[in-house]
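Numbers restart at 1 for each chain; the letters A, B, ... are given by sequence-line order, proteins then strands.
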Amino acid sequence: MKMNVYVKKRVAVVGAGLTLFRRRMLETPQELAWIAAKRALDQAGLELKDIDCVVSGSAPDAFDGVHLKGEYYSEGAGAIGKPHLRVYVGGGTGVFVPIAAWWHVASGLCRRVLVVAEEKMSSAADPHPQAVFRHIWDPITEKPLNPNLIWIFALEMHRYMHKCRVSKEDIALVSVKNKRNALDNPYAQAGANITVEDVLKSELLVYPVNRLDISPVSDGAAALVMVSEEWARRLTDTPIWVEGIGYTLDTSYWTNRELSFPVYLKNAAEMAYKMAGIERPMKEIDVAEPYDPFDYKELHHLEGLGLAPRCGAAEMTREGVTQRDGDLPVCPSGGLLGVGNPIAAAGLMKVAEIFWQLRGEAGKRQVKKDAVTGLAQAWGDLMQVGTVVIMRR
Amino acid sequence: MGVSIRGGTPLRDEEFRAVIKEIDSPRARYSMAAGIAYSRFLEGLKRGEILGTYCPSCRLVHIPPKIYCPYCFKHLTRWVRASDEGRVVTAVVSYLSATLETLEKPEIIGIIRLDVPGHRFSSYRFPGILHRICGASEDDVKTQRIFDARVKARWLPEDKRTGSINDIECFEVIWG
Ligand SMILES: [Zn+2]
């Protein structure tokens, strides 16, 4: 792939913060944003007055019920009196926020950037936050069929199962692993010790998708502080460098392509690998947080990222390679399946997890191998965007 | 700073109900123009035809049609008629409505790769549409027997058609 990316400044992450991820929180969107932002500033050893620019992200306004959501939560995100940008690429938003923050620092425009993602899904509780997704379809050719969001995942999952000869049992192993990993995550909503059997016996929603194949809906926020190299050196002995970013789109007409392999993600990953100088991702990535709103998505994304051979991620999972003590720990945080899925905040949580893992600050979640290079990824819009961040110690 | 240390205040169901201070039900009604390409597409459906546009540069047939190729960005002017038959690329059984209420009768949904006489497509990009599938059982989906099955559009009677994707009732499986 041809690319013209000129990097003026190296960019580092020096702090991260999360709220609890829970089904329903008392806090307003602004308060959630503030808690996460304050915690990230605290870890970085900075105050708001030290921040030059703020970059934030959140998924559809319809969740919070405020159709000006970025402006609404912005004061809790520390944006008042500063250049502020809100970005949105559906489920891909959480990893797109640090990408947009990277532009700010890498270009030399800002030296210290506060990066915030927030989601409050419980406000759209009636009948279910998922109902918001009724309005993401093509209004003329798809909406009249009354689709629900689970259809498209089920259609993709079944295509993947068919094409790659992957069983529901293989896929359920991802949910089992991630929910177990989340038991060690103090922010997690859905940590549990479950079995493959539990997943298969949970409520059938849209065959082949059962309840426990899906991450829960959540309220929550996440934040980072990203700074230029001079500031990174001044603030900490252990900055984590953002070495590669990648993001690409396909069209929203997702029925027109082979769904078993995510080419848009392959393109995004190649962009990020090229920037990071990574030629053999399977050998060079030590720990990964691919986007796992559904369990099959972890497998699908590992393949799209080139971290598993095509149709080979299920076997890696069966063999324990993706466990926390395996050769390629995947979703050591517990992922969206275990930690919860406040959409934009969930993606940014993955970047925060890689930051903590590479710093050796992940506590009980710390992966066994000495992880130097990590990757976080999200995916979204209408089956069309891949967002990738690669970080190194 | 208690709040900051705790990282937020989770609520149980009944606690949540106690803190709700405002219930808002925005009712927005939208009237959407169908545009250049879709207007012609919907008129075609009314006549029992599935129309697409052909891109001479990448040789794709776009269904639903576009006046541009999203990949090549060329102006598309050649209209082609697809067959109302095709093959099932993937299918699922939905037990839930659009708003996630349980359906009394489960629906089978699929993606149909349409045949376009005189055209061939790669396995990665092809004219595929989302629709209901009929003449198949839940078991046909669960055993994956339905993959690659031939289907044909079952049209509403002509006087019932309105120029909508729902002028096709479903794609019916032709077993054999
Ligand atoms: Zn073209």
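- Side-chain contact between Tyr253(A) and Lys66(B) is present, with heavy atoms from C-beta onward closer than 4.5 Å.
- The distance from atom CZ of Phe16(B) to atom OG of Ser123(A), rounded to the nearest 0.5 Å, is 6.0 Å.
- Annotation: cation-pi pair Lys163(A)/Phe147(B) absent, no NZ/CZ under 6.0 Å from the ring centroid and within 45° of its normal.
- Of the listed residues (Thr251(A), Val209(A), Leu149(A), Thr141(A)), the one with the most heavy-atom contacts under 4.5 Å to chain B is Thr141(A).
- Contact annotation for His131(B): both backbone and side-chain heavy atoms come within less than 4.5 Å of a heavy atom of chain A.
- Ranking Tyr95(B), Tyr30(B), Phe121(B), Phe41(B) against chain A, the residue ahead of the rest is Tyr95(B), based on heavy-atom pairs under 4.5 Å.
- A donor and an acceptor atom, one from each side chain of Thr9(B) and Glu27(A), are located under 3.5 Å apart.
- Asn166(B) places a side-chain N or O within 3.5 Å of a backbone atom of Pro144(A) that can act as its donor or acceptor partner.
- Only the side chain of Glu107(B) comes within contact range of chain A, judged by heavy atoms closer than 4.5 Å.
- You'll find the side chain of Leu145(A) reaches within 4.5 Å of the side chain of Arg132(B), heavy atoms only.
- The two residues Gly7(B) and Arg39(A) make their nearest non-hydrogen contact at N-NH2, 3.2 Å.
- Put simply, of Gly17(A), Ser260(A), Ala36(A), Ala154(A), the one with the most heavy-atom pairs under 4.5 Å next to chain B is Ala154(A).
- The OH atom of Tyr124(B) lies 5.0 Å from the CZ atom of Arg257(A); values are rounded to the nearest 0.5 Å.
- Side chain of Asn148(A) to backbone of Ser97(B): a donor-acceptor contact under 3.5 angstrom is found.
- Distance check, rounded to the nearest 0.5 Å: CG of Asp138(A) to CG of Leu130(B) gives 11.0 Å.
- For the options Leu60(B), Val89(B), Leu103(B), Ile108(B), heavy-atom pairs under 4.5 Å to chain A are most numerous at Val89(B).
- With a 4.5 Å cut-off on non-hydrogen atoms, Tyr38(B) touches chain A through its side chain but not through its backbone.
- Within a 6.0 Å radius of CD in Glu49(B), more than 12 heavy atoms belonging to other residues, nucleotides or ligands are found.
- Heavy-atom distances place the side chain of Pro64(B), and not its backbone, under 4.5 Å from chain A.
- Within a 6.0 Å radius of OH in Tyr71(B), other residues, nucleotides and ligands contribute more than 12 heavy atoms.
- Put simply, the side chain of Met25(A) does not reach to within 4.5 Å of the side chain of Leu11(B), judged on heavy atoms.
- Neither the backbone nor the side chain of Met157(A) comes within contact range of chain B, judged by heavy atoms closer than 4.5 Å.
- Interface residue Ala33(B): only backbone heavy atoms are found under 4.5 Å from chain A.
- Heavy-atom neighbours of Glu14(B) CD from other residues, nucleotides or ligands within 6.0 Å: above the threshold of 12.
- Counting heavy-atom pairs closer than 4.5 Å to chain B, the top residue among Thr19(A), Leu205(A), Asp250(A) is Leu205(A).
- The two residues Val92(B) and Pro208(A) make their nearest non-hydrogen contact at CG1-CD, 3.9 Å.
- Without hydrogens or angle criteria, Thr90(B) side chain to His158(A) main chain gives no donor-acceptor distance under 3.5 Å.
- Per-residue heavy-atom pair counts under 4.5 Å with chain B were compared for Phe21(A), Phe261(A), Trp254(A), and the maximum is reached by Trp254(A).
- Put simply, of Pro127(B), Pro106(B), Ala91(B), the one with the most heavy-atom pairs under 4.5 Å next to chain A is Ala91(B).
- Within the 4.5 angstrom heavy-atom criterion, only side-chain atoms of Leu259(A), from C-beta onward, approach chain B.
- Ranking Ile165(B), Ile23(B), Leu114(B), Val93(B) against chain A, the residue ahead of the rest is Val93(B), based on heavy-atom pairs under 4.5 Å.
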Taking it one step at a time, do Tyr207(A) and Glu138(B) satisfy side-chain contact (heavy atoms from CB on, under 4.5 Å)?
-> CA-CA 9 Å; Tyr207(A) 183 87; Glu138(B) 289 177 50; over 6 Å; no
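- Between atom OG of residue Ser94(B) and atom CD1 of residue Ile150(A) there is a gap of 8.0 Å, rounded to the nearest 0.5 Å.
- No other option in Asp219(A), Leu18(A), Ile140(A) has as many heavy-atom pairs under 4.5 Å with chain B as Ile140(A).
- Scanning all heavy atoms of the two residues, the minimum distance from Glu258(A) to Ser123(B) falls at CB-O, 3.5 Å.
- For the set Val19(B), Ile129(B), Ile109(B), the entry with the most heavy-atom pairs within less than 4.5 Å of chain A is Ile109(B).
- Proximity to chain B involves both the backbone and the side chain of Val263(A), based on heavy atoms less than 4.5 angstrom apart.
- Taking CG of Asn256(A) as the start and CD1 of Ile111(B) as the end, the distance is 9.0 Å to the nearest 0.5 Å.
- Rounded to the nearest 0.5 Å, atoms OG1 (Thr102(B)) and CG (Leu204(A)) are 11.0 Å apart.
- The pair Asp13(B)-Arg24(A) meets the salt-bridge criterion, with a side-chain N (NZ, NE, NH1 or NH2) lying under 4.0 Å from an Asp/Glu carboxylate O.
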